Amino acid sequence: MRGFATAACVLMLLTAAMSAQQPRTSALPKLPPLSYTCAHHPDVLEDRPGTCPLCKLALVPVRLDSSWMCPVHTTVIETERGTCRLCRRQLVPVTVSLTWSCRGDNAEHLEPGLCSDGSPRIGQRALRPHGNHNPRHGGQFFMAPDSWHHIEGAYPTARSFRLYVYDDYGRPLPADKLKDVEARVVTKETFDPATRKTTELSAFPLRVARNRAYLEARVDTAALPAEMTAKVRFARDTDEHRFDFTFDALTKEPAAPTSVPQAAKVAPAAAPAATATAAPAASQSGAGVDMPATMAGIVNELQRKNTEVRDLITRGDFAAVWVPAFAAKDLAISLEPHLAHLQAGKRDVGEPALARVVRGAWLLDAAGDVGNRQQIEAAYSTFSAGVADVIAAFQ
Ligand SMILES: [Zn+2]
Ligand SMILES: [Zn+2]
Ligand SMILES: [Zn+2]
């Protein structure tokens with residue numbers, strides 16, 4: 001089982017935890033629990049101390065929380081949903097790290113407390129690397145497998161494709177770095193499973209736009225839904241990554257508010273204190289899942305989640321795949337005690353099948369974050385074969 005979750009998922013889980021109804025019981029909000037991360041690999045997050053699975057460095061503690069940030073004014077970070085106090089744009093969910101420090105002292109602490117002069121430490125919320133996975137232009141947002149770059153694909157008008165490139169904090173790549181990105185967009189290709197060779201039939205080079213804010217290409221696709229693949233090298237002599245997009249509709253740039261909307265003047269919908277409900281990803285089970293009481297009920301629900309995953313993949317909504325995939329994982333885990341009720345032959349099928357569903361869910365999560373259709377389909381075949389065997393064993 002995977003020991004770390006991508007920041008995207010931690011963010012989603014924190015957000016899911018926040019939206020759960022939680023009574024406010026005490027005046028002092030509880031702190032979110034500590035997570036452990038690698039100084040070199042901030043997307044590695046574990047719920048206990050250990051070493052980085054990538055570079056073996058000792059993990060360091062960090063206190064993560066979910067917050068709301070203005071997509072334009074990144075210094076505006078609020079604890080509750082609402083609009084930016086500077087520009088009235090809707091705030092977007094981000095992951096921040098919480099630290100406390102004293103005036104005139106650079107030391108950062110992971111909990112509140114008193115300074116040497118008796119005054120309370122001052123709390124800070126700082127955006128985490130990978131803490132902002134929100135599209136900024138209404139497009140589809142993915143994280144690159146190099147775990148540093150992020151991209152957003154947009155289809156603003158028929159026959160035009162735009163690729164925005166961001167850094168690990170979701171900041172647009174500066175123009176002098178953007179010009180080093182080598183990319184093309186492919187609208188038609190064939191894949192030969194025997195030779196594993198992809199042949200591109202229609203490909204269009206992506207070039208820096210005149211405003212130097214994104215790369216763009218004219219493409220031959222005009223019909224919707226429009227499927228296209230960006231193949232991107234972020235710098236010369238680095239690996240090429242592929243990102244698969246499906247646009248159901250033309251991409252609409254979120255409009256900047258011109259006046260203070262009425263909604264901004266009333267208090268935002270009551271959100272529970274963010275710090276009170278956050279839980280680490282690894283112990284966050286059953287987020288949004290209603291666990292059926294019977295074995296047959298769990299198996300039915302598992303089948304339903306399998307269909308949801310498949311439909312999302314068919315629609316190309318890769319960023320949402322982790323939701324039913326993780327629900328299926330929790331369902332599979334809750335079936336484990338029921339293995340004891342099966343006949344030996346069925347148990348021999350059921351046990352590895354449950355493990356395959358769990359592993360398939362993690363693979364779907366990882367592949368969904370990076371938006372690679374081939375990886376997602378490979379993960380889905382592991383996952384759905386596991387689900388089919390679970391159904392056969394438990395029915
Ligand atoms: Zn590392
Ligand atoms: Zn703003
Ligand atoms: Zn990221």
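Counting convention: from 1, in listed order, for ligands and their atoms alike. What you are looking at is a predicted structure, and each value in this text was computed from that prediction instead of being measured.
Draw a line from the Zn ion (ligand 2) to SG of Cys70 and another to SG of Cys87, and the angle between them is 110° (to 10°). The Zn ion (ligand 1) forms the vertex of an angle spanning SG of Cys38 and ND1 of His41; to the nearest 10 degrees it equals 110°. The NE2 atom of His150 and the SD atom of Met143 subtend an angle of 110° at the Zn ion (ligand 3), given to the nearest 10 degrees. Between the SG atom of Cys84 and the ND1 atom of His73, the angle taken at the Zn ion (ligand 2) works out to 110° after rounding to 10°.
SG atoms of Cys55 and Cys38 are separated by 2.5 angstrom or more, inconsistent with a disulfide link.
Under the 30°/60° scheme for interplanar angles, the aromatic rings of Phe243 and Phe234 are found to stand perpendicular.
Nearest to the Zn ion (ligand 3), among the N, O or S atoms that His133 has, is NE2. Nearest N/O/S atom of His130 relative to the Zn ion (ligand 3): this is ND1.
Residues Tyr380 and Asn306 bring a donor and an acceptor atom of their side chains to less than 3.5 Å of each other. Between the side chains of His241 and His149, no donor-acceptor pair is found at a separation under 3.5 Å.
Using a 4.5 Å heavy-atom threshold, the side chains of Leu354 and Leu339 count as touching.
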